[in-house]
Chemist: 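Sharing a structure with you now.
What you see is a predicted model, and the numbers here were worked out from it, not measured in a lab.
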Amino acid sequence: MLKLISYKEISTRSDLFFSQFQLRHREFIDRQSYDVKSIDGMEFDEYDSLAAHYLVFTQDGRTVLGCSRLTPIALGCMLADHFPDLVEDKSIFTAPRVWEGTRFCIDRRLPAETRRLICQSLAVGYIEFGLAHGVDQIIGLMPTLILRSVFERAGLTLERLGSPRAIGAHDRIQAATIPIRPWQRDQAYLATGLRNLLISDARPFRDHVA
């Protein structure tokens, strides 16, 4: 199941909250040797703030098998701060109702079919979250393979923000945006067969600067 958590759920969903940081440590530091911060087997960075919302996929309600972070760019934007050269039209960094998706990862130890389900669930979760929270676009940077195999395969239409380039161990990293529209949701529902994954968790978040 896909769940939405933030600092407000730490007391009631602490297992999920901390499990996602452990998964990120395994996937980004242990497996891919990212030079990022960690403590007690958990990976974190400056964008894990009170403004962050997390999409987490779990089967047992305690252990996170896949996750992604969503943050309003007015309260922190990795793409603008560290990779602005990947974006040709930088006006998007000051556009209203733009959020950023980062730290997308899935437990690579899982069977391929389970990984596929988690990928599709997170993609659908992006759209459902965005529509429920008044988001206009979700931006981010990922390997071009992930943009195609995860988001476009799940029925989403992406707009590239610039040309791809090599970063670290990845030959082709590219910035893109997902327009958040009802028709995107309908396309994702049709392509994946998944729907209403976050209905029970959807709550407006009104405390950020537009």
Chemist: Can you confirm whether or not the ring centre of F28 sits under 6.0 Å from the ring centre of F21?
Modeler: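 No, too far apart.
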Chemist: Using modelled atom types only, decide if a donor and an acceptor are shared between the side chain of R13 and the backbone of L4 within a distance under 3.5 Å.
Modeler: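 Answer holds: yes.
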Chemist: Is the shortest heavy-atom distance from the side chain of L55 to the side chain of K3 under 4.5 Å?
Modeler: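 Not touching, per the 4.5 Å side-chain cut-off.
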Chemist: Would you compute the distance between atom CZ of R62 and atom CG of D15 and round it to the nearest 0.5 angstrom?
Modeler: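 The CZ atom of R62 sits 7.0 Å away from the CG atom of D15.
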Chemist: Under a 4.5 Å side-chain heavy-atom rule over Ile, Leu, Val, Met, Phe, Trp and Tyr, are V150 and L65 clustered together?
Modeler: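 Yes, V150 and L65 fall within the same hydrophobic cluster.
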Chemist: If I compare all heavy atoms of V135 with all of I180, which pair ends up nearest, and what's the gap?
Modeler: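 Heavy atoms only, the tightest pair is O-CB, 3.4 Å.
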Chemist: For Y54 and Y7, run ring-ring contact (aromatic ring centres under 6.0 Å, His included): C-alpha distance rounded to whole Å, both residues' side-chain angles, the deciding distance at 0.1 Å, then the answer.
Modeler: CA-CA 9 Å; Y54 303 93; Y7 77 92; over 10 Å; no
Chemist: With sequence neighbours left out, which residue pairs that include part of residues 65-82 fulfil the side chain to side chain donor-acceptor pair (under 3.5 Å) condition?
Modeler: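 Of all non-adjacent pairs touching residues 65-82, those that pass side chain to side chain donor-acceptor pair (under 3.5 Å) are D45-R69, E46-H82, Y47-D81, Y47-H82, D48-R69, S68-Y126, R69-T102.
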Chemist: Report the residue from H25, R103, K37 that forms a side-chain hydrogen bond (donor to acceptor under 3.5 Å, both in side chains) with E43.
Modeler: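 So the option named by the test is R103.
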Chemist: Quick check: does any side chain N or O of Q187 sit under 3.5 Å from a backbone N or O of G155, one acting as donor and the other as acceptor?
Modeler: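 Checking the backbone N and O of G155 against the side chain of Q187, a donor-acceptor pair under 3.5 Å is found.
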Chemist: Checking T94 side chain against S91 main chain: does a donor-acceptor pair fall under 3.5 Å?
Modeler: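 Confirmed, T94 side chain pairs with S91 backbone.
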Chemist: When hydrophobic residues are tied together by side-chain contacts of less than 4.5 Å, even through go-betweens, does I127 share a cluster with I73?
Modeler: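 No; tracing contacts between hydrophobic side chains, which count when under 4.5 Å, never links both residues.
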Chemist: Kindly check if the number of other-residue, nucleotide or ligand heavy atoms within 6.0 Å of CZ (R153) is above 12?
Modeler: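 Not more than 12 within 6.0 Å, no.
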Chemist: Verify, without hydrogens or angle tests, whether Q174 (side chain) and G162 (backbone) share a donor-acceptor contact under 3.5 angstrom.
Modeler: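 Checked: pair present.
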Chemist: Nearest 0.5 Å please: distance from the CZ atom of F151 over to the CD1 atom of I146.
Modeler: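 One finds 8.5 Å between CZ of F151 and CD1 of I146.
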Chemist: Regarding D136 and R181, does a basic nitrogen lie under 4.0 Å from an acidic carboxylate oxygen?
Modeler: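 Looking at D136 and R181, the cut-off is met.
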Chemist: Assess the residue pair F83 and I167 against the criterion (side-chain contact (heavy atoms from CB on, under 4.5 Å)); give the C-alpha distance rounded to whole Å, side-chain angles, the decisive distance to 0.1 Å, and a yes or no.
Modeler: CA-CA 10 Å; F83 306 99; I167 298 178; 3.8 Å; yes
Chemist: With a 4.5 Å cut-off on side-chain heavy-atom distances among I, L, V, M, F, W and Y, is there a chain of contacts connecting I39 to V36?
Modeler: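 No, separate clusters.
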Chemist: Any sub-3.5 Å donor-acceptor pair from E9's side-chain atoms to S6's backbone N or O?
Modeler: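 Yes; at least one donor-acceptor contact below 3.5 Å.
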Chemist: Between R165 and D171, does any side-chain N to carboxylate O distance fall below 4.0 Å?
Modeler: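 Looking at D171 together with R165, the answer is no, because their closest N to O distance does not fall below 4.0 Å.
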Chemist: Looking at every non-hydrogen atom in both residues, tell me the closest pair between L70 and G101 and how far apart they are.
Modeler: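 Looking at all heavy atoms of both residues, the shortest contact is CD2-CA, 3.8 Å.
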Chemist: E159 and T177: side-chain donor and acceptor closer than 3.5 Å?
Modeler: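 The answer is no; no qualifying pair exists.
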Chemist: Are any side-chain N or O atoms of Q59 and backbone N or O atoms of M1, one a donor and one an acceptor, separated by less than 3.5 Å?
Modeler: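 Looks like no, no N/O pair under 3.5 Å.
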Chemist: Check whether any side-chain heavy atom of M142 lies under 4.5 Å from a side-chain heavy atom of I173, and answer yes or no.
Modeler: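 Answer no - side chains too far apart.
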Chemist: What distance do L145 atom CG and S149 atom OG have between them, rounded to the nearest 0.5 Å?
Modeler: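 Here the interatomic distance stands at 4.5 Å.
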Chemist: Does the side chain of F18 reach to within under 4.5 Å of the side chain of V64, using non-hydrogen atoms?
Modeler: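 Answer no - side chains too far apart.
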Chemist: Provide the closest heavy-atom pair for S38 versus I29 in the form atom of the first, atom of the second, distance.
Modeler: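 Distance-wise, the nearest heavy atoms are CB-CD1, 3.6 Å.
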Chemist: Distance check, rounded to the nearest 0.5 Å: I138 atom CD1 versus W99 atom CH2?
Modeler: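 Here the rounded value is 8.5 Å.
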Chemist: Kindly give the heavy-atom pair with the smallest separation between L16 and G61, and that separation in Å.
Modeler: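 Result for this residue pair: CG-O, 3.6 Å.
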Chemist: If you compare all heavy atoms of L122 against all heavy atoms of C105, which two are closest, and at what distance to 0.1 Å?
Modeler: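 Shortest heavy-atom contact: CD1-O, 4.5 Å.
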Chemist: Is the side chain of K8 donor-acceptor paired with the backbone N or O of I5 at a distance under 3.5 Å, no angle test?
Modeler: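 No: the side chain of K8 does not pair with the backbone of I5.
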Chemist: Just checking, any donor-acceptor pair under 3.5 angstrom between side chains of Q22 and R26?
Modeler: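 The criterion, which ignores hydrogens and geometry beyond distance, is not satisfied for R26 and Q22.
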Chemist: Can L86 be reached from Y34 by stepping across I, L, V, M, F, W or Y side chains whose heavy atoms are under 4.5 Å apart?
Modeler: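 They do not share one cluster, since no chain of ILVMFWY contacts under 4.5 Å joins Y34 to L86.
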Chemist: If you apply the rule side-chain contact (heavy atoms from CB on, under 4.5 Å), what do you find for V56 with L23, and how did you get there?
Modeler: CA-CA 11 Å; V56 298; L23 172 62; over 6 Å; no
Chemist: Show the nearest heavy-atom pair for residues L2 and S121, with the distance to one decimal.
Modeler: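 Minimum heavy-atom contact is CD2-O, 3.3 Å.
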Chemist: Any chance CG of D60 has more than 12 other-residue heavy atoms, nucleotides or ligands included, within less than 6.0 Å?
Modeler: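 Enclosed.
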Chemist: Hey, what do you get for CG (L75) to OG (S49), rounding to the nearest 0.5 Å?
Modeler: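 Those atoms lie 6.5 Å apart.
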Chemist: Okay, side chain of T58, backbone of T63: is any donor-acceptor separation there less than 3.5 Å?
Modeler: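 Such a contact is found between T58 side chain and T63 backbone.
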Chemist: Anything under 30° is parallel, anything over 60° is perpendicular, the rest tilted; go ahead and classify F129 against H133.
Modeler: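 The arrangement is parallel - the two ring planes meet at less than 30°.
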Chemist: Quick check for you: to the nearest 0.5 Å, what is the distance between C67 atom SG and I106 atom CD1?
Modeler: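 Those atoms lie 9.0 Å apart.
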Chemist: Counting distance only, does the side-chain N/O of E27 pair as donor-acceptor with the main-chain N or O of D107 below 3.5 Å?
Modeler: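 No; judged by distance alone, with no hydrogens or angles, the pair does not exist.
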Chemist: Could you please spell out the steps behind the side-chain contact (heavy atoms from CB on, under 4.5 Å) verdict for E152 and L158?
Modeler: CA-CA 7 Å; E152 291 181 329; L158 308 184; 3.9 Å; yes
Chemist: Mark yes or no for whether Q184, through its side chain, and T157, through its backbone, hold a donor-acceptor pair below 3.5 Å.
Modeler: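 Side chain of Q184 to backbone of T157: a pair is present.
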Chemist: Verify the cluster assignment for L117 and L198: are they in a single hydrophobic cluster under the rule of side-chain heavy atoms below 4.5 Å apart?
Modeler: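 L117 clusters together with L198.
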Chemist: So, do C119 and R116 sit near enough that their side-chain heavy atoms are less than 4.5 Å apart?
Modeler: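 A side-chain contact under 4.5 Å is absent here.
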Chemist: Are R97 and P72 side-chain neighbours, meaning at least one heavy-atom pair lies under 4.5 Å?
Modeler: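 When only atoms from C-beta onward are counted, P72 and R97 do not touch, as no gap falls below 4.5 Å.
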Chemist: Could you check R24 against M42 for side-chain contact (heavy atoms from CB on, under 4.5 Å), going step by step and ending with a plain yes or no?
Modeler: CA-CA 7 Å; R24 282 167 43 176; M42 295 180 287; over 6 Å; no
Chemist: Can you confirm whether the side chains of Y189 and E128 place a donor and an acceptor under 3.5 Å from each other?
Modeler: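 Yes, side-chain donor-acceptor contact under 3.5 Å.
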